[in-house]
There are 2 protein chains.
Amino acid sequence: MARSRAGIETRRRILDAIRELLALKGPEGTTLKAICDQADVQPGSFYNLFESKEQAILTVVREAIEAVDPDPGHEGIDTMADLVQAYIRFMEDDPSLARIYISIAVGGGVSDTRLEGRVRRHHRERAARFADAFAREHSDLPKDRARRRGELLLAALNGLALSGLIDDEFDFRGHALELLH
Amino acid sequence: MARSRAGIETRRRILDAIRELLALKGPEGTTLKAICDQADVQPGSFYNLFESKEQAILTVVREAIEAVDPDPGHEGIDTMADLVQAYIRFMEDDPSLARIYISIAVGGGVSDTRLEGRVRRHHRERAARFADAFAREHSDLPKDRARRRGELLLAALNGLALSGLIDDEFDFRGHALELLH
DNA sequence: TGCTGAGTTGAGTGTACCCTCAAGTTTTGA
DNA sequence: TCAAAACTTGAGGGTACACTCAACTCAGCA
């Protein structure tokens, strides 16, 4: 753990390096040497701050999982527009984290049983949040139908994000906004 | 290359092993030893049939990319229902390939520049196919709007597939069929 | 100013990886 | 039937990997 100014700064540089490498080169390219080169740090310094490479990567992965969910405090009162806008912001402001997030969701990268369960739990909570927002705006619909619509909207956003990651020219923002109708 | 009965059979066993390992353990878990154990083959035999581990994996990856596209002959005449049904079949009959497909699409696994271009090209062709099918069934819509709807439908399907891969209990089939309305 | 502990260094360790190859067995086809 | 070709074996080689550690520097503070 970092306890001094220098340590905190080094820790940040390392996490930045991992984030960039994961997004750019994938898990296979995120070697200790690559991380250390990118962060301009020696292995010994890395292991002074992190228990293992795996643990450091998991820190970034957790960050990605959390970043996709906006304002946890707003849970229970956010509108569909809020949720869609938040996703757009996530994709535009932090494409590296977005790529990592979708990547773990599929399980193609860091495959770890604990992580798999965490992703599933997170996904279900997120689906519920979408379902609630939708139900609030369409109180006429039966509860079950609202839930399914929430699931569908979340899936559509994830799919649009996927298209955006595959194809730089894809108009994620436009499509996402259209979803609101 | 396999030239005799035994070689062809061994080659099949190896590709089966890779397919299963990629889907179950991800690229990191798909080591030569794991492949050979699973296929009940020795390394020397592997290298008699494949140039490299990478080449063998790419064979499976290509298979996954192609498997998602049904009946290439029908291109230009398929209906939206055909395309959706084909995706459902792909997800249900070959979940390993489906996981691999979505996984490469994100770029989280085998990250290779050639592959990245191939995926992008494939994705664009696939979006065009959806757009065409949609335009054929809604000739009243302006061309551009039809294209965007095709893109959206493909993205939604991919997103639903993602949900299905994260959560076994997710009703992919039901949601996909509902998309047709 | 000098002590303490946090931070840094980089050569070095062991391991697991991908791949090779000489020697042997089996299959093919003339 | 038999020689050539295809296939299999498994020990072993070179490399790149994650990680360690003793020796060092440096910042913060009494």
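Fair warning: this is a prediction, and the values are worked out from it, not measured in the lab. Residue numbers begin at 1 in each chain, while the letters A, B, ... track the order of the sequences.
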Pairing of A:Arg148 and A:Glu151 as salt bridge, 4.0 angstrom limit: no
Which nucleotide wins on minimum distance to the side chain of B:Ala6, given the candidates D:dC7, C:dT9, C:dC19? D:dC7
To the nearest angstrom, the CD-C1' distance between A:Gln42 and C:dG10 comes to 6 Å
Rounded distance in Å - CD1 (B:Ile14) to P (D:dT9): 10 Å
Any donor-acceptor pair under 3.5 Å from B:Arg13 side chain to B:Ala39 backbone: yes
Main-chain N/O of A:Asp69 paired to A:Arg126 side chain as donor or acceptor, under 3.5 Å: no
What integer distance in Å separates B:Ile8:CD1 from C:dT27:C1'? 12 Å
Is there any side chain to side chain donor-acceptor pair (under 3.5 Å) pair reaching into residues 129-141 of chain B, and which pairs are they, with sequence neighbours excluded? B:Asp78-B:Arg129
Can you check the B:Tyr47 OH to D:dG10 P distance for me, whole Å? 17 Å
A:Thr10 side-chain N/O to C:dT8 phosphate OP1/OP2 under 4.0 Å: yes
Among residues 31-40 of chain B, which residues get a heavy atom nearer than 4.0 Å to DNA chain C? B:Thr31, B:Leu32
From C-beta outward on B:Ser52, which listed nucleotide comes closest to its side chain: D:dT9, C:dG10, C:dC19? C:dC19
Atom-to-atom span, CG of B:Leu49 to C1' of D:dA5 - whole angstrom: 14 Å
Listed by chain and number, what are the side chain to side chain contact (heavy atoms under 4.5 Å, CB included) partners of B:Ala6, not counting sequence neighbours? B:Ser4
Write out all pairs satisfying salt bridge (charged side-chain N to carboxylate O under 4.0 Å, His left out) with one or both partners inside residues 34-51 of chain B, taking only residues at least two apart or from two chains. B:Lys33-B:Asp37
Atom CD of A:Glu54 and atom C1' of D:dC19 are separated, to the nearest Å, by 14 Å
Ring centers of B:His123, A:Phe170 separated by less than 6.0 Å: no
Could you write out each protein N or O paired with an N or O of nucleotides 28-30 of chain D at a distance under 3.5 Å?
unit_1: D:dG28; atom_1: OP1; unit_2: A:Arg5; atom_2: NH2; d: 3.2

B:Ile18 CD1 to C:dC18 P, in whole Å, measures 11 Å
Contact class for A:Gly44 (heavy atom, under 4.0 Å): base, sugar-phosphate, or nothing? base
Any donor-acceptor N/O pair, A:Lys25 side chain to A:Thr31 backbone, under 3.5 Å: no
Spacing between A:Asn48 atom CG and D:dA23 atom P, to the nearest angstrom: 18 Å
Give me each pair satisfying salt bridge (charged side-chain N to carboxylate O under 4.0 Å, His left out) with a member in residues 85-94 of chain A, each pair once, sequence neighbours excluded. A:Glu92-A:Arg173
Nearest to side-chain heavy atoms of B:Ser45, which nucleotide of C:dT8, D:dT9, D:dC19: D:dT9
Using heavy-atom distances to pick each residue's nearest nucleotide on DNA chain C, tell me which of A:Phe46 and B:Pro43 is more 5'. A:Phe46
